[in-house]
Amino acid sequence: VKRWFDRLRIHQKLVVSALLITGVALGCATAGLGALEVWRYQDIARDDVEATAQMLGENVAAAVAFQDAAAATEILRSLRGRSRVTRACIFTTDGRLFASFEPHRACPAQPVNAGRFEGIAGVSTINRGGRSLGSVHVESSPGDIWERVLFTAVTGIAMWGIAAVVAYGLAQRVYRSTSEPLMKLAAFARDFGHESAPDPALIGAAPDEVGDLVVSFGDMVGRIRTIQAELARHAVQLQLVTDAMPALISYVGRDGRYRFVNRGYEEWFGHAQHTITGRTMHDVLGAAAFSRIQPYVASALEGHSVRYDAEVPYTAGTRYIHAEYVPDIRPDGYVDGFFALVTDITARRQAEEALREADRRKDEFLAILAHELRNPLAPIRTGLELLRRAGNQPETLDRVGSILERQVVHLTRLVDDLLDVSRITSGKIALRRRLCTLKDLVDRAVELRHC
Amino acid sequence: MNGRVRALRRRSRCAPVIGLASALSMAFLLAAQEIAPLDRVRASFLLEFPEFVEWPSAAWQASRTFQLCTAAPNPVEGALQDLIGDAQVRGRAVILRRLQGSDDPTLCHLLFVPRSRTDQLDIVRRTHGRPVLTVGDGDEFLTHGGVIQLRVVEGRVRFAINVANADVNGIRLRSQLLALATSIEGDPR
């Protein structure tokens, strides 16, 4: 029975429980009422029979006293109208049956105890002047008592039937209000967890809706665990990838606190990576740096994508950075925070500066070079004019020729120097460093100057 | 009849004296062997009648005992002697008396007039208007002014009643007694 009950659905269990409870209650009530009915009926019937016996005892006293059995019988026959009386017997004190009325049962030849009479019996002694003449025994059948008991039982069963209908209705209602939402929840959980293998420990936990719910939730929990593991793996991968990047990557919440940072932060600011998470930008970057970037942060939190270059005076040292803030906007437009990608462009800036300086120097050099190259050209042009005018004047030709020669040599040396510089800058000349005396160098320079 | 008497005695006594009662009844049985059964019945009737009769209170002023008189020698007397013993009638001790010629019958509560008494009419007339229950077994007893006449019907002792005579004597008969009478005479109705 227990196994059968366990297998029922919840609303069936409710119906069965209600029926059992009402059945037991009504059974007890009916049994109690029936017993009370029987007891009361017997009480009344016994009183009635005893009163009848007493009345007869008084009425037949004279008949017994004067041994008039016919008269006594006639008096007993007055019980004709009482259908439940089965017999009435009068015994004399010497134990003889004196008179009887026997519509259903015969009187015994000897007086017997009232208890020996079946049904309900009453006994009264026949007294006359303080002396006992005999006794009257009246016996009555239980009559319709069993009909009454049956009626009580039928009433009880009918009430039980009504209770059963009500219980069934209530159970249906409870099923609609409890089991149906439960089953919807179970179906949802089952849909969510359908990919995961059901937990064998949960199968058969209960054969009803609760069991279904348990299994479905078990599936769902399994699925959630799988997703959780996957998410954890993704988080690790993300951390690995971001840590490997030569930049600061972080997620800053709306409250200005870091929710995620990569290893770059550890390198830049000297704090352990996990200690930065949860701290404010102001705290991590320093007041000066934060006040520098604060407008960009505010803009990002307003939902704008921000991209900027700035020189930021971090507590650990000033850096030139390029930053990109991407706001994290929910579908409803609420800005939850922003992703930040910050690269250090200090080195690039310095390289750019150096290039710019080199370019400027080259321009200056070219200007000076042009000027230097131009200087010998004027005497050469003048010398050529003199040559055209001098004709055949030998001293003039010599003077002009030496001027021209000197200027051409100067020009040639300039060009040679330029070539040397070009060779040096393009790395085609390798300077050999060695020890030499200053006298040799001066002699060499004077010789070069004079020849 | 013997059994009934024995039973009556047994009821009226305490249990420890049952043995004695049995012995006494045996003695009575031996003594009453000559008494006819019908006479025993008549005697018991005489002792039963007072239970169903009401005397006026004046009847008890002369005597606190119950005066049971017989008007002539008869067999019933012997049976009465056997039955009375220490039995009581209406809570009073029973005194059995035989009336002699001139004895006043009005002092009796119950007067039994056997048919052997020749001047029945005379003695009954003397009780006229007095609270005396007259019982007789003569054929003309009721017409002579008697109240109850004992008869034998089909071998059994029965009785007839004259209600008018009872009224004259100022005694009342209970309906239970009247119901058992084979006939009732002098019915005022």
Side-chain angles (χ1 to χ4, degrees), chain A residues 51-82 88-101 107-114 123-138, chain B residues 1-13 21 25 37-38 40-54 66 83-94 135 148-161 173-182:
Chain A
T52 304
Q54 205 165 347
M55 188 193 76
L56 285 173
E58 285 169 13
N59 285 347
V60 300
V64 175
F66 297 107
Q67 299 170 32
D68 194 340
T73 306
E74 193 56 39
I75 290 168
L76 290 183
R77 280 170 64 79
S78 65
L79 296 172
R80 273 190 309 257
R82 310 181 71 161
C89 320
I90 297 172
F91 296 97
T92 53
T93 41
D94 56 0
R96 243 174 352 97
L97 178 63
F98 178 72
S100 64
F101 172 64
C107 285
Q110 297 287 319
V112 291
N113 257 340
V123 179
S124 175
T125 52
I126 302 165
N127 283 307
R128 198 262 307 121
R131 280 190 291 166
S132 170
L133 299 177
S135 57
V136 180
H137 296 245
V138 180
Chain B
M1 223 50 226
N2 292 340
R4 179 166 173 260
V5 171
R6 196 160 59 236
L8 279 170
R9 284 165 187 270
R10 195 175 290 154
R11 282 291 173 91
S12 62
R13 287 176 180 182
S25 58
L38 287 181
R40 284 189 150 290
V41 174
R42 288 191 184 96
S44 74
F45 273 32
L46 289 180
L47 289 174
E48 294 290 352
F49 283 134
E51 302 293 343
F52 301 94
V53 175
E54 298 288 340
F66 186 83
L83 287 176
I84 289 170
D86 59 351
Q88 291 191 330
V89 168
R90 301 186 70 86
R92 296 164 193 272
V94 181
V135 181
I148 297 174
Q149 180 200 21
L150 296 178
R151 297 173 177 177
V152 175
V153 179
E154 294 169 0
R156 298 177 70 87
V157 178
R158 303 257 56 99
F159 53 88
I161 295 172
L173 306 178
R174 288 196 186 168
S175 62
Q176 290 159 302
L177 191 64
L178 298 175
L180 294 173
T182 49

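Owing to the predicted nature of the structure, the values given are computational and were not obtained by experimental measurement. By convention in this document, chain letters (A, B, ...) are assigned in the order of the sequence lines, proteins followed by strands, and residues within each chain are numbered from 1.
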Minimum-distance pair of heavy atoms, taken over all atoms of F45(B) and F66(A)
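Heavy-atom minimum between the residues: CZ-O, 3.2 Å.
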In terms of heavy-atom proximity below 4.5 Å to chain A, should F52(B) be classed as side chain, backbone, both, or neither?
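F52(B) touches chain A through side-chain heavy atoms alone.
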What residues, two or more places apart in sequence or in another chain, satisfy salt bridge (charged side-chain N to carboxylate O under 4.0 Å, His left out) together with E58(A)?
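Checked E58(A) against salt bridge (charged side-chain N to carboxylate O under 4.0 Å, His left out); zero matches.
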Going by the rule ring-ring contact (aromatic ring centres under 6.0 Å, His included), which residues pair with F66(B) if we only count those two or more places apart in sequence or in a different chain?
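F66(B) satisfies ring-ring contact (aromatic ring centres under 6.0 Å, His included) with W55(B), H109(B) once adjacent residues are dropped.
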Quick test of your reading: applying side-chain hydrogen bond (donor to acceptor under 3.5 Å, both in side chains), list the pairs with at least one residue in residues 69-80 of chain A, sequence neighbours left out, ordered by first then second residue.
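For residues 69-80 of chain A: none.
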Count the heavy-atom pairs under 4.5 Å between each of A72(A), A63(A), A70(A) and chain B, then report the option with the highest count.
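Top option by heavy-atom pairs under 4.5 Å: A63(A).
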Using a heavy-atom cutoff of under 4.5 Å, enumerate the residues of residues 152-160 of chain B that contact chain A, numbered in order, or state 'none'.
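Near chain A, by residue number: R156(B), R158(B), F159(B).
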E51(B) vs L133(A) side-chain heavy atoms within contact, under 4.5 Å:
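In short, these two side chains do not touch, never coming nearer than 4.5 Å.
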To the nearest 0.5 Å, how far apart are CD in Q176(B) and CG in D68(A)?
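Going from CD on Q176(B) over to CG on D68(A), the span is 12.5 Å.
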